[in-house]
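Computation of the quantities below employed the complete heavy-atom set of this structure, encompassing side-chain atoms and omitting hydrogens, waters and symmetry-equivalent molecules. Nothing here was measured: the structure is a model prediction, and the numbers come from that model.
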Amino acid sequence: MVADGLSLMNADYSSTSFRVTRTTVGAHNFLGNRIAYPPGAGPATTASWRPRSWSPSTARSGTTWACSDHRASRSPLGGAGQHLRRPRGGRRLRRRLRAKNRHNAATMGWFLLTGWLYFFAVTLLYAGAADLYARWGVTALALANTALLPFTVLYYVLVERLVTAVHPLGPLFCSIYDVRFWRRERYWKVPAETYLQVLNGTPFKPLVWRLLGVRTGASVFDDGCSLTERTMVTLGDGCTLNAGSVVQCHSQEDGTFKSDTSRIGAGCTLGVGALVHYGTTVGDGAHLAADCFLMKGETVPDHGRWSGNPARPTAPEHGTQGDERR
């Protein structure tokens with residue numbers, strides 16, 4: 001089972017040479033978000049790598065790797081989630097797989113339909129501009145180009161709001177073979193998100209976040225953050241969200257899906273590439289360093305400075321401690 005952002009690497013470089021080797025993933029593995037899987041990392045079986053971990057070259061079967069320092073841990077489900085694991089073969093598994101394929105086919109149909117409606121509307125827009133070209137000249141094309149971006153934003157905001165109106169988002173704990181998880185997948189796939197990248201670094205992106213259901217405060221600066229479940233995120237006043245940062249309100253673990261809300265307090269800063277997992281609270285004025293991973297359920301205190309993978313409080317410098325004593 002593979003989540004988003006997997007990198008399977010075959011090349012290994014030194015200062016003088018390089019080598020290319022085969023990369024193998026063992027049976028019944030789980031690979032979380034943004035995993036860097038190097039050559040020779042397997043083929044362990046029933047192993048699990050949590051988001052942002054770096055796969056060790058000596059992974060053992062039946063272990064869970066939770067962070068970049070190769071720390072092994074037990075399965076997060078323990079005994080409570082055992083009944084939610086995937087069906088183990090037989091008629092029940094085949095029945096659930098057929099149901100998921102039908103649901104996926106419907107999702108593909110909705111995706112194609114929304115894309116076709118958008119294409120049709122844009123075609124009508126430029127056809128109208130072409131009709132007016134003889135009278136208005138290039139002004140007609142300029143007006144069409146000006147209207148394209150606002151129309152794109154409003155169209156996909158409407159599509160997303162319709163999807164969430166039919167199936168509202170909320171905390172969820174279920175099997176990946178549950179229809180509730182399939183509906184959450186549909187929410188990720190049917191509404192487009194690429195148009196949001198055009199608004200990075202502008203005051204319009206927080207406005208669009210608000211239209212999409214994000215509880216957004218005033219004076220938020222977003223230079224390229226991604227919010228996977230918009231209506232489950234709260235952004236306080238004066239937040240700074242750097243490029244590549246992610247607030248991810250879900251996780252897939254051992255055949256189960258877990259989702260919970262996340263809150264970013266007022267005056268917070270998410271560094272470049274920082275990943276905030278589900279069920280977290282970042283206090284007012286806190287700072288998460290670049291490329292850190294704030295694990296699920298963590299609470300960063302007000303004005304705290306955290307870094308690393310997993311994110312931990314940053315020790316103050318000696319000079320700062322001396323200034324505080326003085």
Side-chain angles (χ1 to χ4, degrees), residues 3-5 32-34 50-53 66-67 76 160 163-164 167-174 180-181 183-185 187-188 191 193 196 205-206 208-253 256-313:
D4 295 333
N33 298 85
R34 302 189 184 187
R50 296 301 177 230
R52 281 281 180 84
S53 61
C67 57
E160 183 161 334
V163 172
T164 54
H167 299 296
L169 305 183
L172 186 59
F173 177 35
C174 66
R180 293 173 294 174
F181 169 64
R183 290 167 180 166
R184 187 65 60 89
E185 284 188 311
Y187 162 75
W188 294 329
E193 299 182 21
L196 288 168
K205 192 173 182 186
V208 176
W209 281 143
R210 190 174 288 113
L211 292 175
L212 293 174
V214 181
R215 296 171 178 84
T216 309
S219 303
V220 172
F221 176 76
D222 184 349
D223 196 34
C225 184
S226 175
L227 309 179
T228 58
E229 285 96 344
R230 267 72 75 176
T231 60
M232 298 176 64
V233 177
T234 299
L235 301 175
D237 297 340
C239 287
T240 300
L241 312 175
N242 278 280
S245 57
V246 180
V247 181
Q248 179 176 307
C249 295
H250 72 270
S251 178
Q252 298 175 51
E253 304 169 2
T256 66
F257 175 76
K258 298 181 180 182
S259 180
D260 202 356
T261 58
S262 294
R263 179 187 176 276
I264 310 299
C268 290
T269 298
L270 301 187
V272 175
L275 174 59
V276 178
H277 224 186
Y278 69 94
T280 55
T281 300
V282 182
D284 296 344
H287 182 279
L288 300 183
D291 205 40
C292 74
F293 173 34
L294 184 65
M295 298 187 72
K296 59 185 179 182
E298 292 278 13
T299 298
V300 179
D302 293 350
H303 307 290
R305 299 182 67 86
W306 287 37
S307 62
N309 180 1
R312 290 291 181 265

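Here the closest heavy-atom approach between residue Pro301 and residue Ala286 is recorded as O-CB, 3.9 Å. Taking all atoms of both residues into account, the shortest heavy-atom contact from Arg184 to Gly170 is NH2-O, 2.9 Å. Counting all heavy atoms, side chain and backbone alike, Arg180 lies closest to Cys174 at NH2-CB, 3.4 Å. Contact detail for Ala289 and Ser307: the closest heavy-atom pair is CB-CB, 3.4 Å. Of all heavy-atom pairs between Ser259 and Met232, the closest is OG-CE, 3.3 Å.
Annotation: side chain of Leu196 is in contact with side chain of Val208 (closest heavy-atom distance under 4.5 Å). Between Ser251 and Lys296, every side-chain heavy-atom pair lies at or beyond the 4.5 Å cut-off. Pro168 places none of its side-chain heavy atoms less than 4.5 Å from the side chain of Thr231. In this structure, Asn242 and Leu270 have side chains that are not in contact, with every pair of non-hydrogen atoms separated by 4.5 Å or more. Between Glu193 and Arg230, some side-chain heavy-atom pair lies under the 4.5 Å cut-off. At a threshold of 4.5 Å between non-hydrogen side-chain atoms, the residues Arg305 and His287 count as touching. Taking the side chain as every heavy atom from C-beta outward, Ser219 and Asp237 never approach each other to under 4.5 Å. At least one side-chain heavy atom of Glu298 sits under 4.5 Å from a side-chain heavy atom of Arg312.
Interatomic distance, Leu235 CG to Cys225 SG, rounded to the nearest 0.5 Å: 7.5 Å. Asp223 contributes atom CG, which lies 8.5 Å from atom OG of Ser245 (distance to the nearest 0.5 angstrom). Remark: Cys239 SG to Asp284 CG distance equals 8.5 Å, nearest 0.5 Å. Interatomic distance, OG1 of Thr164 versus CD of Glu229, reported as 12.0 Å (0.5 Å rounding). Note that the SG atom of Cys249 and the NE2 atom of His277 stand 9.5 Å from one another [nearest 0.5 Å].
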Walk me through whether Leu212 and Leu227 qualify under side-chain contact (heavy atoms from CB on, under 4.5 Å). CA-CA 10 Å; Leu212 293 174; Leu227 309 179; over 6 Å; no
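A donor-acceptor pair under 3.5 Å is absent between the side-chain atoms of Thr281 and the main chain of Arg263, judged by distance alone.
Annotation for Arg210: atom CZ counts as buried by contact number, over 12 foreign heavy atoms lying within 6.0 Å.
Among the candidates Phe257, Tyr187, Phe181, Tyr278, the single residue satisfying the ring-ring contact (aromatic ring centres under 6.0 Å, His included) test with His250 is Phe257. Screening Thr269, Ile264, Val300, Leu275 for a side chain to side chain contact (heavy atoms under 4.5 Å, CB included) involving Leu288 leaves a single residue, Val300.
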